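Following: one structure in structure tokens, then a few remarks.
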Amino acid sequence: MIKSFEELTKTHPCFSVGSKVNKGRVHLPVSPGCNISCRFCDRQLNDVDLRPGVASTIITPREAVEVVRKAVALCPDITVAGVAGPGDTLATPYALETFRLIKKEFPGIIKCMSTNGLMLPDYYQEIIDVGIDSLTVTVNAVDPLIQERICGEITYHGKRYQGVEAAGILIENQLSGIEAVAGAGVTVKVNTVLIPEINAGHVETVAKTVAGKGAKIYNIIPLIPQHELAWCSAPGCGLLSSIRAQAEQYIKVFRHCQRCRADAAGIPGQEDFSRLIYDRPVQQANTFSHG
């Protein structure tokens, strides 16, 4: 039974609008590959960076179940098992396979997944069937002319697309996928990376659009200037506050994002104990996505 948004606001640390609940999550880094090229993307396998898209290692779905066992034993307040990368969850089959295994052993745990949304039209029914309770989709623009400045290309059904064409496909798939998943009762959270020089004047439109498709909560993430967008600025508190207020006219806004790693474990804002449950050495890889 998919948990309602109201239930999630009490038991999911990313859905307690306005204040944190003393609940935890474990992120399972089972998704290595990606199918889009975000210009701010600098994905790494390391033990030091505290940001999305970074993990110390990639694990298999069966190893992920063992990680959940360890995490729950260490912290009984963990209520969420999530996959947020370090690549995209629908670019490879491992995230959905992981959730099938977790569903059998931990039927009561909240299942949470993040994606760029490119493959949502292909996999939305599997997301529903496996019992994902909350789905996060990163939507940085709903105008292809803006989106192409943020994401340079995509690989879709074995074909490479670039520029405005790629942006149009990505946006169409994101919005139709959000509508389909939300229509089945899954809580959809939308993330938008706020890039002052590119999409600051567009975020309100994104918020209104995704709310119209059924998204329940909205997370505006400040850009970390890096990679091809290293020339852009990180948004200040004033701009971030102003744009969140604009978005809140249409949708609930999530204000306490910790920009967690793809292998984070514990209660957000408190001690992270991922080193205690991931005991494999750091691996090298070069295919990552914003989660």
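Given the structure is predicted, the values throughout are model-derived calculations rather than measurements.
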side-chain contact (heavy atoms from CB on, under 4.5 Å) assessment of Ile132 paired with Ile128: CA-CA 6 Å; Ile132 298 298; Ile128 296 164; over 6 Å; no

Side-chain donor-acceptor pair present, Thr192, Tyr218, cut-off under 3.5 Å: yes

Residues Glu148 and Gln162: side-chain donor-acceptor under 3.5 angstrom: no

Arg62, CZ: over 12 other non-hydrogen atoms inside 6.0 angstrom: no

Test: Glu153 and Arg39 ion pair at under 4.0 Å: no

Name of the residue among Asn219, Thr136, Ile178, Leu135 meeting side chain to side chain contact (heavy atoms under 4.5 Å, CB included) with Val190: Ile178

Distance-minimising heavy-atom pair for Ile110 and Asp133: CA-OD2, 3.5 Å

Close side-chain approach of Arg255 to Arg244, heavy-atom, < 4.5 Å: yes

Between SG on residue Cys41 and CG on residue Asn116, distance to nearest 0.5 Å: 9.5 Å

Heavy-atom check, side chain of Met119 versus side chain of His157, under 4.5 Å: yes

Hphob cluster co-occupancy, Tyr250 + Val203, side-chain heavy atoms under 4.5 angstrom: no

Value rounded to 0.5 Å, distance of CD1 in Ile217 from OG1 in Thr187: 9.0 Å

Heavy-atom donor-acceptor pair, Ser241 side chain to Cys237 backbone, under 3.5 Å: no

Exercise: identify the closest heavy-atom pair between His227 and Phe40: CB-C, 4.0 Å

Heavy-atom pair of closest approach, residues Gln147 and Ile171: CB-CD1, 3.8 Å

Nearest atoms (heavy-atom pairs only) where Arg149 meets Glu197: NH2-O, 3.8 Å

Minimal non-hydrogen separation, Ile251 against Ala215, with atom names: CD1-O, 3.6 Å

Heavy-atom neighbours of Glu172 CD exceed 12 at 6.0 Å: no

Ile36 CD1 to Ile169 CD1 distance, which is reported to the nearest 0.5 Å: 12.5 Å

Close side-chain approach of Val139 to Asn191, heavy-atom, < 4.5 Å: no

Cluster link Leu101 to Phe106, ILVMFWY, side chain under 4.5 Å: yes

Any donor-acceptor N or O pair under 3.5 Å, side chains Thr115, Asp88: yes

Polar side chain donor-acceptor pair, Asp143 to Asn199, under 3.5 angstrom: no

Distance (rounded to the nearest 0.5 Å) between Cys232 SG and Ile224 CD1: 13.5 Å

For Thr209, side-chain contact (heavy atoms from CB on, under 4.5 Å) partners two or more places apart: Val142, Leu175, Thr205

Ser176 versus Glu179, side-chain donor and acceptor atoms under 3.5 Å: no

Closest heavy-atom pair and its distance - Met113, Ala95: SD-CB, 4.2 Å

Gln174 side-chain N/O to Val137 backbone N/O, donor-acceptor pair under 3.5 Å: no

Distance-only donor-acceptor check, side chains His202 and Asn140, under 3.5 Å: no

Ile127 side, atom CD1; Leu90 side, atom CG - distance, nearest 0.5 Å: 5.0 Å

Heavy-atom check, side chain of Leu194 versus side chain of Leu223, under 4.5 Å: no

Any side-chain heavy-atom pair of Ile109 and Thr79 under 4.5 Å: no

Pair Arg69 + Glu66: basic N to acidic O under 4.0 Å: yes

Test log, rule side-chain contact (heavy atoms from CB on, under 4.5 Å), inputs Ile195 and Val193: CA-CA 6 Å; Ile195 309 167; Val193 178; 4.1 Å; yes

Derivation of the side-chain contact (heavy atoms from CB on, under 4.5 Å) call for Ile154 and Asn35: CA-CA 6 Å; Ile154 66 172; Asn35 45 20; over 6 Å; no

Thr60 side chain to Glu63 backbone, donor-acceptor under 3.5 Å: yes

Residues, nucleotides or ligands: over 12 heavy atoms within 6.0 Å of Phe99 CZ: yes

Interatomic distance, Leu170 atom CG to Glu165 atom CD [nearest 0.5 angstrom]: 12.5 Å

Residue pair Leu96, Tyr123: steps toward the side-chain contact (heavy atoms from CB on, under 4.5 Å) verdict: CA-CA 9 Å; Leu96 289 173; Tyr123 291 107; 4.2 Å; yes

